[in-house]
Amino acid sequence: MQATSTVLPHLKHAEHSEAPGGFWRTYVFSTDHKVIGIQYGLTALCFLLLGFFLILTMRWQIAHPGEPVPVVGWFLEKVLGSPASKGVMSPDLYNMFGAMHGTIMVFLAIVPLAVGAFGNYLIPLMIGANDMAFPRLNMMSYQLYFLGGVVMLASFLIPGGAAQAGWTSYSPLATVIPTDGQTFWLIGMILLITSSLLGSVNIITTIVQLRAPGMTWMRLPFFVWAQLVASFLLLLAFPPLEAAGILQLMDKVAGTSFFLPTGLAVGGATANISGGGSPLLWQHLFWFLAHPEVYVLILPALGIVAEILSNNIRKPLWGYRTMVYAVLTLGFLSFLVWAHHMYLTGMGTRISTFFQTTTIIISIPSVILLTCLLISLWGGSIRINTPMLFALAFLPMFGIGGLTGLPLGFAASDIQLHDTYYVIGHFHYVVAPGTIFALFAGIYYWFPKLTGRRMNEFWGRVHFWCSLLFMNAVFMPMFAQGFAGMLRRMSDGGLSYSTRVAPGVEGTLSDFILGLNNYILWAAVGLGLAQIPFIVNLFRSIWRGEPVRDDNPWQSTTLEWQTPTPPPHGNFLRPPSVHRWAYAYGPRADGTDYLPQSVPESALSGQATRS
Amino acid sequence: MTRWLGIPEVASAHGVAIDRFISYVHWLMAILFVGWLIYFVYVVWRFHQRRQPRSAPEGLRSHVSTYAEVAVATVEGLLLVFLAVPIWARAVESFPSEKESTVVQVVAQQFNWNFRYPGPDGQFGRQDMRLVNETNIFGVDPSDPAGQDDVVVLNEMHVPVGKPVIAYISSKDVIHSFKIPSMRLTQDAIPGMRVPVHFTPTREGRFRIYCAQLCGNGHAAMAQGVLVVEKPEAFEQWLGSRSGGSVSYE
Amino acid sequence: MEIAYTVQPRPDTGVYNAKLGMWLFLASEVMLFGGLFSAYVFLRMGAPPDTWPHGWLSVPLGTLNTLLLAASAVTTLLAWAACKARRFDRFKLHLGLTLILGTIFLGIKGYEYRDKWLHYEVQLKDGRIADGHLVRARTTAETVVLHGRYVADRRELLDGRRKHGPHEELVIPRDQIVRMQNYAPRHNTFMAIYFALTGLHGLHVLGGLVVFAYLWGPGSRLWHVDPEHFTNRVEVAGLFWHFVDLVWIFLFPVLYLT
Ligand code: HEA
Ligand code: HEA
Ligand code: CUA
Ligand SMILES: [Cu+2]
């Protein structure tokens with residue numbers, strides 16, 4: 001139905017229209033938001049793989065404490081030295097990997113993938129702009145992110161190794177560990193924070209300023225709304241952590257005592273410090289960031305799912321407006337709940353009541369968002385393909401993660417569940433089968449836009465079903481372990497607390513609970529193997545995938561599909577204008593079931609008469 | 001339901017309420033999840049392209065979803081106001097009087113638990129954070145006679161059954177967390193702070209004390225702590241056997 | 001390829017891109033300094049009674065610096081107004097004045113830092129505390145010479161607002177010293193937060209001056225190509241500068257006057 005059906009020849013066309021400047025200017029120091037988006041995407045995927053590799057070796061240690069890590073043990077020893085001597089993971093190494101798994105996954109993998117890659121690539125296309133508002137700033141954000149990643153990676157190689165105090169880096173532990181890992185971590189974080197700040201300024205300005213004519217607020221695809229809110233969270237929540245990072249860095253290198261109280265005695269000696277600081281101050285500043293941060297992990301994912309769902313049910317999102325208001329509320333409220341991570345630091349009833357209340361209130365917009373998506377399915381004509389499978393699976397998976405947030409949000413039940421594997425299960429359900437599935441969905445869905453080819457459907461489904469199975473196999477048993485009292489961050493997987501070690505003591509971990517560790521290990525290995533079809537499929541399809549015959553292979557309404565494939569520098573052949581909202585799906589008189597945002601009413605009547 | 005969830009059997013008075021609360025919340029979650037899942041599976045089956053070649057854009061017209069959302073919010077609100085907040089208030093505030101309780105000071109260190117009892121005179125020696133150092137982790141003023149008979153033990157905490165326990169939780173180096181799953185008790189041990197908690201053990205036994213906060217490379221191995229709940233006579237006897245001189249713990 | 005609204009404001013939002021970008025950036029800066037200010041409040045509230053120092057900083061110097069920044073805010077505004085009126089020479093003059101005022105501010109700040117760095121608190125074996133400025137020229141391997149006074153208790157040092165006895169030359173043999181520490185960030189949490197806040201603020205001042213220097217010097221070539229674009233740049237840099245001034249308006253009373 002689109003008059004401008006620019007098909008594959010445009011692949012060549014795009015190559016020719018590439019801005020002159022050679023390889024470096026085109027691919028490495030590019031200011032084109034699409035190239036930067038792809039740079040973000042590839043880098044973040046590599047970090048995702050690294051984060052997974054770290055946890056996989058940790059899972060081995062959890063299941064078989066003290067035994068040399070198979071296959072990669074020699075490599076760990078070679079690269080990391082004494083913490084991995086004989087290929088065995090020492091507690092130090094376990095703590096390093098744990099801290100870096102969390103840091104890498106959150107700050108170097110998921111956020112850059114969700115906001116840096118998807119946001120960068122899609123936002124200008126979806127709002128009909130020819131680039132981001134500040135292209136050079138955009139390039140700088142990526143470079144700072146890259147640099148931050150390099151600093152984090154380098155920290156593995158310095159004497160003493162990487163940070164060991166968890167991704168939360170609680171002082172005094174983070175300060176008193178004598179190695180320099182934490183210093184690297186802080187410097188890396190400051191770089192990453194700066195990168196996110198520049199990125200979010202850019203995204204917000206782009207959305208506010210560069211919307212094409214006719215693209216009113218309520219015509220924006222939900223994805224753009226989600227990115228807008230996520231960017232605001234990054235913009236406003238990150239600076240307090242930057243402040244905290246500066247203070248912790250001073251504690252670490254200038255000998256100050258911001259987070260160190262009077263009378264600290266570490267390792268058999270009274271610390272030579274002035275004292276007078278407060279460990280809780282760090283926690284407040286950290287969680288003030290980190291709670292909004294978790295919504296940065298989920299909102300872009302929700303946006304992706306909303307786009308893919310509406311496209312594949314061939315009908316509008318149910319309650320688009322409600323969803324927009326819900327996501328705005330969510331963003332606002334996420335600044336008011338941080339202390340629900342701190343119930344057990346010694347909080348009185350009044351403060352805990354406040355934070356419980358806000359926590360419970362914030363679950364309402366999440367329920368609304370999920371409900372809208374679920375209700376949208378009703379009456380649809382559901383088209384099943386790989387992106388849709390991942391998007392559909394997101395719903396119950398996020399549901400499990402979100403629902404298990406409730407008993408953590410009530411302080412009374414958090415007394416029992418705090419710091420157990422229940423918490424690990426809770427948030428991994430949201431970020432792993434939740435966010436990662438949404439990101440997979442997005443990759444399969446927008447891949448034809450980037451390359452002009454589709455990814456293989458069969459291998460996509462293999463990837464999906466295996467991932468779904470193994471994700472649940474990894475994370476579901478964690479709830480049982482959490483109830484039983486198994487704690488997180490245990491370098492021996494809870495062995496010291498086992499019934500075997502202390503017979504006759506209650507509240508120890510049974511053989512069954514510890515046995516689950518071994519089972520989770522193999523599920524995690526399976527999860528890793530399940531990614532092989534994906535990785536092969538991804539790279540193979542760039543050259544060998546089935547070519548798409550149309551610029552708009554999914555028959556979508558949104559603007560990014562109304563460009564040549566792949567979009568050239570500058571994106572649109574003609575400046576687009578927008579004539580309706582993003583979800584004009586549904587049966588039409590002319591036999592089609594969708595109406596792109598950019599098709600004017602005038603063109604429409606002409607077409608209707610022709611058909 | 002808590003037994004079914006696999007939570008260790010409860011051994012404290014307030015723990016019963018916490019267990020009940022955990023099971024209510026999980027009932028709510030289970031009902032929501034199963035309800036949504038049935039709907040979800042049905043919809044994906046019913047509105048598959050094969051059965052529904054053309055979509056019906058107006059979608060759902062009823063207000064079921066609104067009612068569902070309001071119901072969820074209401075139940076959560078009720079749980080919060082009538083259970084979560086009062087349980088918390090009872091658990092962390094409303095302290096029993098010190099006279100009727102066993103009072104213990106708990107100081108965590110890498111990677112052990114230190115406990116201090118007031119001794120026969122029932123009084124702790126004067127303490128001052130400024131006196132805390134590597135050997136005097138409780139910051140006891142050595143010039144105060146009340147401190148002479150105080151009992152200090154490592155890793156084994158004894159309390160009599162059926163009597164409230166007040167424990168002052170603190171740490172000498174980094175943050176630890178004092179957790180006894182069977183007692184439904186968790187409190188972070190934070191250097192520079194001394195936070196009181198209380199509980200009433202309801203049956204005798206030996207219970208594992210966990211360190212629930214990452215505290216360094218020995219965090220996993222900080223597992224020697226035991227809470228021994230015994231008959232009052234046995235407790236007195238134990239305390240007596242310890243009195244007279246401080247036990248060395250280094 | 002042209003990005004829209006780099007120079008002209010977008011009609012429905014009323015701003016051009018860089019201006020919005022700067023407002024957003026400043027919002028994040030508010031959160032950054034907000035975080036540090038809350039740290040200040042948290043530490044001060046949490047300090048045991050009578051341990052928080054007062055009057056350790058020189059109010060006259062602080063006042064002078066406040067006036068300097070206030071004046072520079074005015075000259076910045078005038079520079080922008082000159083651009084608007086297409087008066088390039090006056091722009092150069094006013095921005096030049098801003099540069100000078102900002103540099104003096106940093107100079108004074110540097111002097112204050114140096115003063116703290118040379119200020120020592122020396123714990124003696126006999127229990128007394130010597131407190132004063134190091135006399136570098138006369139300090140040797142055997143003796144430390146301070147210009148200051150002796151006190152019996154650290155707590156006497158806490159309130160700098162009260163008048164205390166005359167300062168004199170104190171000659172202290174090194175073997176009498178238990179502990180000697182200058183008023184660096186590690187001295188106590190007040191000095192720590194003082195250096196953190198003013199240091200970060202100083203970096204912002206420096207950053208602002210670098211941008212202004214660029215706009216005054218090489219960057220001003222844009223004037224001859226696209227004066228409107230150039231005016232926008234001055235405006236945006238000015239917004240940043242006003243924010244930096246504003247932070248100082250909070251810093252001054254919080255650190256110097258209470
Ligand atoms: C993307 C990430 C993300 C998201 C979205 C959430 C969402 C929520 N989180 Fe979670 N959380 C984390 C990431 C996340 N969290 C992380 C990383 C940690 C640990 C950090 C650390 O300590 O290292 C954590 C820890 C954490 C704690 C601290 C626990 C502790 O340490 O003791 C608490 C406590 O209140 C909490 C609560 C909640 C709540 C109430 C929600 C709510 O917003 C959830 C609301 C959602 C729902 C209620 C779901 C609704 C479902 C349906 C309507 C239907 C289901 C559908 C089908 C079946 C199809 N979270
Ligand atoms: C966004 C955040 C995120 C994500 C996605 C994950 C993903 C996973 N996490 Fe983790 N995790 C955290 C954030 C995250 N985690 C945090 C914050 C902590 C707390 C740390 C702390 O205690 O301080 C933690 C802790 C944590 C623990 C507890 C450790 C402990 O307490 O001792 C465990 C244990 O099993 C675990 C497991 C896993 C597993 C199995 C996955 C899997 O889901 C991973 C799945 C990923 C893959 C299978 C890789 C896929 C790769 C590709 C697709 C690559 C393609 C590549 C190219 C094309 C080049 N995580
Ligand atoms: Cu002590 Cu963990
Ligand atoms: Cu949270």
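Naming convention: chains lettered A, B, ... in sequence-line order (proteins, then strands); numbering from 1 in each chain.
Around the CZ atom of A:R136, the shell of radius 6.0 Å holds no more than 12 heavy atoms that belong to other residues, nucleotides or ligands. No more than 12 heavy atoms of other residues, nucleotides or ligands sit less than 6.0 Å from atom CH2 of C:W216. The environment of CG in C:L257 is crowded: more than 12 heavy-atom neighbours from other residues, nucleotides or ligands sit within 6.0 Å. Atom CZ of A:F354 has more than 12 neighbouring heavy atoms from other residues, nucleotides or ligands inside a 6.0 Å radius. Heavy atoms from other residues, nucleotides or ligands lying under 6.0 Å from CH2 of C:W23 number 12 at most.
The one candidate from C:L24, C:T13, C:V15 that meets the side chain to side chain contact (heavy atoms under 4.5 Å, CB included) condition with A:V208 is C:T13.
C:A196 and A:F258 make their closest contact through CB-CZ, 4.1 Å (heavy atoms, listed as atom of the first residue, atom of the second, distance). Here the closest non-hydrogen pair linking C:L20 and A:T205 is CD2-CA, 3.8 Å. In terms of heavy atoms, C:F42 sits closest to A:S278 at CE2-OG, 3.3 Å. Here the closest heavy-atom approach between residue C:R10 and residue A:R211 is recorded as NH1-O, 3.0 Å. Considering every non-hydrogen atom in both A:L210 and C:I3, the closest pair reads CD1-CG2, 3.9 Å. Taking all atoms of both residues into account, the shortest heavy-atom contact from C:H187 to A:S274 is O-CB, 3.3 Å.
Taking 4.5 Å as the limit, some side-chain heavy atom of A:L247 sits within range of a side-chain heavy atom of C:L36. In this structure, the side chains of C:M31 and A:E242 stay at 4.5 Å or more apart for every pair of heavy atoms. Residues A:T256 and C:T189 fail the side-chain proximity criterion, which asks for heavy atoms closer than 4.5 Å. With a 4.5 Å cut-off on side-chain heavy atoms, A:F238 and C:S28 do not count as touching.
The parts of A:L235 that come within reach of chain C are both its backbone and its side chain, each placing non-hydrogen atoms under 4.5 angstrom from that chain. Both the backbone and the side chain of C:I193 have a heavy atom closer than 4.5 Å to some heavy atom of chain A. C:A47 does not touch chain A: none of its heavy atoms, backbone or side chain, sits under 4.5 Å away. Looking at A:L197, the atoms closer than 4.5 Å to chain C (heavy atoms on both sides) all sit in the side chain, from C-beta outward.
Between the side chain of C:R186 and the backbone N or O of A:A254, no donor-acceptor pair lies under 3.5 Å.
A:L285 CG to C:S38 OG: the interatomic distance, rounded to the nearest 0.5 Å, is 6.5 Å. Between the CZ atom in C:F25 and the CG atom in A:L137 there is a gap of 9.5 Å [rounded to 0.5 Å].
Comparing C:V30, C:L200, C:L43 by how many heavy-atom pairs each has under 4.5 Å with chain A, the most go to C:L43.
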